[in-house]
Amino acid sequence: MSDLRRHWTPTAVTFLVLSLAGLAGTWTFNAFAIVQMRDFLGDLVSSGPAVSSITVDLLVVAIAGSVFILVEARRLGMRFAWLYIVLSGITAFAFTFPLFLAMRQRRLTARADSGDPAAGPSDAAGPDHA
């Protein structure tokens, strides 16, 4: 059981909690849209300039975050990084991105704890390793 709790730093737990909040929050509104039989994509682009602005804002952030996931996962040797991106289309990027960040933090902590020479100062940076 202690193996399951291993490498869960406060930062990783924070990202995990944010991930679960993102899943619950987005899927609550997705369920409302389904029950109300709304045109989900139509609402995103035609419900006024404010909604369109938020849509573009989040889309650009999701694309940048997806690139970060792929690059950072490759750098750290994390397998199946593409799965976070695929799952974001099924769930929400507000769920998968913080989930990736939690798993990334665990990886960084594990590398630092193992004395990995490749785990340089930038890998251990953050409030958990100050």
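Computed from heavy atoms alone, side chains included, the values below leave out hydrogens, waters and symmetry copies.
Met78 and Val71 fall into different hydrophobic clusters, where Ile, Leu, Val, Met, Phe, Trp and Tyr residues are linked whenever their side-chain heavy atoms come under 4.5 Å apart, directly or through other members.
Ring pair Phe29/Phe32 is perpendicular by interplanar angle, where above 60° counts as perpendicular and below 30° as parallel. Phe80 and Trp82 have perpendicular rings, their planes meeting at more than 60° on a 0 to 90° scale where under 30° would count as parallel.
Residues Phe93 and Leu58 are not in side-chain contact: their nearest non-hydrogen atoms beyond the backbone lie 4.5 Å or more apart. The shortest side-chain heavy-atom distance between Thr11 and Thr109 does not fall under the 4.5 Å cut-off. Between Thr14 and Gln105 there is no side-chain heavy-atom pair separated by less than 4.5 Å.
Shortest non-hydrogen contact noted between Ser66 and Ile85 is O-CD1, 3.6 Å. Scanning both residues, Leu16 and Ala102, for their nearest heavy atoms gives N-CB, 3.8 Å. Considering all non-hydrogen atoms of both residues, Thr91 and Asn30 come closest at O-ND2, 4.2 Å. Taking all atoms of both residues into account, the shortest heavy-atom contact from Leu23 to Thr26 is O-OG1, 3.3 Å. What you find for Tyr84 and Ile69 is that their closest heavy atoms are CB-CD1, 4.2 Å.
The structure places CG of Leu83 at 12.5 Å from CZ of Phe100, a figure rounded to the nearest 0.5 Å. Atom CD of Glu72 sits about 9.0 Å away from atom CG of Leu101, to the nearest 0.5 Å. Here the CZ-CE distance, from Arg106 to Met103, works out to 5.5 Å after rounding to the nearest 0.5 Å. The distance from atom CZ of Phe68 to atom CZ of Arg104, rounded to the nearest 0.5 Å, is 4.5 Å. The distance from atom NE2 of His7 to atom CZ of Arg107, rounded to the nearest 0.5 Å, is 10.0 Å. Here CZ of Phe97 is found 8.0 Å from CZ of Phe15. Values are rounded to the nearest 0.5 Å.
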Q) Could you go step by step and tell me if Leu76 and Arg111 meet the side-chain contact (heavy atoms from CB on, under 4.5 Å) rule? A) CA-CA 9 Å; Leu76 296 174; Arg111 288 177 67 176; 2.7 Å; yes
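Between the side chain of Ser19 and the backbone N or O of Phe95 there is at least one donor-acceptor pair closer than 3.5 Å.
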